[in-house]
There are 2 protein chains.
Amino acid sequence: MLDSTDLKILDQLSKNSRITMKELGDYVHLTGQAAAARVVKLEDQGIIEGYTINVNQVKMGYLVHAFITIFTKNTNHQPYLEFVKGEKEWVINNYKISGNGCYLLECQFPSHERLDDFLVELNQWANYQLSIVIHPHKV
Amino acid sequence: MLDSTDLKILDQLSKNSRITMKELGDYVHLTGQAAAARVVKLEDQGIIEGYTINVNQVKMGYLVHAFITIFTKNTNHQPYLEFVKGEKEWVINNYKISGNGCYLLECQFPSHERLDDFLVELNQWANYQLSIVIHPHKV
DNA sequence: TTAAATCCTTTCATTCTTAAAGTAAAAACA
DNA sequence: TGTTTTTACTTTAAGAATGAAAGGATTTAA
């Protein structure tokens, strides 16, 4: 399905999605047009889902990054899920999980005060276990 | 520091980082040249850290997404950290955390068999608590 | 063996980018 | 207060990249 050229293209676009198709072509020994055609195919296959940027969240004022393990208070998760839906400003991901807890909620906040405000609200709908990220260490 | 035009630019690039500077300029009522200059400034400020793609990990064969809370076996974390460094194929992020556990390890695997292989190795250096993602629900 | 499909290149018109010069408004300074 | 500097933008124009079309080579299917 995917050959080594496709994998190189994905690798290169992961590192710099604004590269020109000509440069991308040079990298995989194809013309820009051929590289562009492969990229369109990867998009059509749904392998490339989108093009985005990495933003420095600390410089954007989000100093606190937290993972919160959620234990909903009753079997109906809807109140919790509605709460999360209304907190898009802070919530990065809400993973439904099996294991310890029902959800793993990834959030970011400008301060511990804001985190505390959030936890007070959250506690209406769920119990939780808080983990604050000290250092990201991306791999 | 950042005005509303900068925020619109970041928002637009987050949605599609391959947009032309001309289109981006149209969106914020500037010429392509002025928009490009703003983008360069955002890069220089370190607010835009990079341009990347979203890849469908399931279509790439990574069917299992897991968060593993790590409790290192002794106070020296180095053996665990060395292990993680050698497992780049599976590890997405290794967050150092305060709270429950020492690290939160985000991983992906093609199968539960591969996950099991990983856990057996991991268990040489750390105890762990496993959470498998059932549904991502990005916000 | 022929027909169709796939994947690539070449060509060329169109569009985008980049650099330079110029303008206007705001900020810094005497 | 008046002058200079800086900042942010536009316009212009050359150079580079893109996208569409035509064509060739190789593989797949009939």
Side-chain angles (χ1 to χ4, degrees), chain A residues 1-63 88-89 108-111 138, chain B residues 1-63 88-89 108-111 138:
Chain A
M1 193 179 184
L2 295 188
D3 63 17
S4 72
T5 299
D6 290 320
L7 295 178
K8 278 181 200 158
I9 285 173
L10 291 174
D11 190 53
Q12 207 58 23
L13 288 176
S14 295
K15 286 174 184 153
N16 177 15
S17 64
R18 276 197 73 84
I19 192 174
T20 64
M21 287 301 117
K22 187 177 185 303
E23 281 178 292
L24 184 60
D26 288 348
Y27 183 74
V28 297
H29 308 299
L30 287 175
T31 59
Q33 289 84 337
R38 287 213 178 218
V39 169
V40 167
K41 202 175 164 191
L42 289 167
E43 291 168 359
D44 292 345
Q45 288 176 300
I47 289 167
I48 295 177
E49 293 182 328
Y51 300 88
T52 188
I53 52 173
N54 288 330
V55 172
N56 186 316
Q57 296 300 332
V58 171
K59 292 196 176 170
M60 293 300 286
Y62 291 104
L63 305 175
K88 292 207 164 101
E89 193 179 354
Q108 57 186 7
F109 303 92
S111 66
K138 294 244 173 191
Chain B
M1 194 179 184
L2 295 188
D3 63 15
S4 71
T5 299
D6 291 319
L7 295 179
K8 278 181 200 158
I9 285 172
L10 291 175
D11 190 52
Q12 206 59 22
L13 288 176
S14 294
K15 286 174 184 153
N16 177 16
S17 65
R18 276 197 72 84
I19 192 174
T20 65
M21 287 301 117
K22 187 176 186 304
E23 281 179 291
L24 185 60
D26 288 348
Y27 184 74
V28 297
H29 308 299
L30 287 176
T31 59
Q33 290 86 332
R38 286 213 180 217
V39 169
V40 168
K41 202 174 163 192
L42 289 167
E43 291 168 2
D44 292 346
Q45 287 175 299
I47 290 167
I48 294 177
E49 293 182 328
Y51 300 88
T52 188
I53 52 173
N54 289 329
V55 172
N56 185 316
Q57 295 301 332
V58 171
K59 292 195 177 172
M60 293 300 286
Y62 290 104
L63 305 175
K88 293 207 164 102
E89 192 178 355
Q108 57 186 7
F109 303 92
S111 66
K138 294 242 172 191

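Per chain, numbering begins at 1; letters A, B, ... match sequence-line order.
- Between the CD atom in A:Q45 and the CG atom in A:L2 there is a gap of 6.0 Å [rounded to 0.5 Å].
- OP1 or OP2 of D:dT10 has at least one side-chain nitrogen or oxygen of B:T31 nearer than 4.0 Å.
- Taken from CZ in B:R18 to CE in A:M21, the straight-line distance is 3.5 Å, to the nearest 0.5 Å.
- None of B:L7, B:I9, B:D6, B:D11 except one satisfies the side chain to side chain contact (heavy atoms under 4.5 Å, CB included) rule with B:V28; the exception is B:I9.
- Atom CG of A:N54 is separated from atom CD1 of B:I47 by 14.0 Å, given to the nearest 0.5 angstrom.
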Could you encode protein contacts along nucleotides 16-28 of chain D as a string, one character per nucleotide from 5' to 3', using B for base contact, S for sugar-phosphate-only contact and - for no contact, with a heavy-atom cut-off of under 4.0 Å? -SSBB--------

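- A 4.0 Å heavy-atom criterion places the boundary nucleotides of DNA chain C facing chain B at C:dC16 to C:dA19, written 5' to 3'.
- The side chain to side chain contact (heavy atoms under 4.5 Å, CB included) test with A:I53 singles out one residue from B:V39, B:L10, B:T52, B:N16, and that residue is B:L10.
- Scanning for side-chain contact (heavy atoms from CB on, under 4.5 Å) contacts around B:E89 gives B:Y62, with sequence neighbours left out.
- Taking atom NE2 of residue B:H29 and atom P of nucleotide D:dC9, one finds them 13 Å apart after rounding to whole Å.
- At least one side-chain nitrogen or oxygen of B:K41 sits closer than 4.0 Å to the OP1 or OP2 atom of D:dA8.
- In this structure, A:S17 OG and A:L24 CG are separated by 11.0 Å, a value rounded to the nearest 0.5 Å.
- In this structure, the separation between NZ on A:K22 and CD on A:Q33 is 9.5 Å, given to the nearest 0.5 Å.
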